[in-house]
Asks: 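Submitted below is the structure of interest, expressed as structure tokens.
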Amino acid sequence: MVYHNSIKLAECFYCYLWQGQGNNCNTILLPSILRGERPHVLIDPGHIKNELGEPCFESLTQAMEKNGFRMEEVGLLIGTHCHPDHIEAAELVVKKSAALFTLSREENEFYGTAGKMFFQMFGAEQPQVNPSFYLKEGDLFLGSGGNKVAIKVLLTPGHSPGSISLYLEDEKILVSGDVVFAGSIGRTDFPGGDLPLLRKSIDKLSQLDVEYLVPGHSTEMGSIVAGKDKVKQNFYTVKMFI
Ligand SMILES: [Zn+2]
């Protein structure tokens, strides 16, 4: 059973939108951009199984295979933040593919301290993965030749202390993790949450020129916010909550 709906926004950008009943995040795949046998970049692999027992990781694996992409071919795994519904499956991905794993230094520190509580709260095992390097604010260039992807890494704390958002400049796609959603904002009542920081982060993201806002979860208002005007309107609306 596949619970992910795959949407291709650009040659280098596939969204796997979670459609199950229980909780899980949306996953992003940047296919075929790295050199070598494991050319795919995966962002937020999500749960292995969620609170309703839905096989999230199996579903993601199958959804990717339908598009011709294998989990074994992932060379780099990025976590926007370390909540279980975003990175529980990280260890499985790394076991299957020997992919490098990365997140921000701030988030990794949180992962090793208060972040552990989340996994206990969710009844999940904390994945044993060590970052190969840290992502910090600035430019990240992946791939080479015609398959180059320019990403701006933005530190956007508030939902979690080291949350990052990823902005693909050429495609004008913003991967916002759990900072901002369609018609909503990330929770700050979890350990490590901070509303004033989230407000600043949302302000920062709202300055970008965005054609597609791709959030970490869907809401009743939708999943991907498409079109510059709609994205602007969405930032305007969510800023009223904070
Ligand atoms: Zn989260």
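Counting starts at 1 for both ligands and their atoms, following the listed order.
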Asks: Would Val2 and Leu52 show up in the same hydrophobic cluster when neighbours are defined by side-chain heavy atoms closer than 4.5 Å?
Replies: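 No, because Val2 and Leu52 fall into different hydrophobic clusters, even though each may have its own neighbours under 4.5 Å.
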Asks: Give every protein N, O or S atom lying under 2.8 Å from the Zn ion (ligand 1), naming each by residue and atom.
Replies: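 Protein N, O or S atoms closer than 2.8 Å to the Zn ion (ligand 1): His81 NE2, His83 ND1, His159 NE2, Asp178 OD2.
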Asks: Taking atom types as modelled, find out whether Asn50 and Tyr3 have a side-chain donor-acceptor pair closer than 3.5 angstrom.
Replies: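 Side chains of Asn50 and Tyr3: no pair found under 3.5 Å.
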Asks: Distance only, no hydrogens: is a donor on one side chain within 3.5 Å (strictly under) of an acceptor on the other, for Ser160 and Glu107?
Replies: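 Yes, a side-chain donor-acceptor pair sits under 3.5 Å.
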Asks: Can you list the residues that meet the side chain to side chain contact (heavy atoms under 4.5 Å, CB included) rule with Leu205, with sequence neighbours excluded?
Replies: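 Expected list: Leu154, Thr156, Ser165, Leu174, Ser176, Val179, Val180, Leu208, Phe235.
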Asks: Taking the ring centre of each residue, are Tyr14 and Phe69 less than 6.0 Å apart?
Replies: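 Between Phe69 and Tyr14, which both carry aromatic rings, the centre distance is below 6.0 Å.
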Asks: Parallel, tilted or perpendicular: which fits the ring planes of His81 and His86, with parallel below 30° and perpendicular above 60°?
Replies: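 Because their plane-to-plane angle lies in the 30° to 60° range, the rings of His81 and His86 count as tilted.
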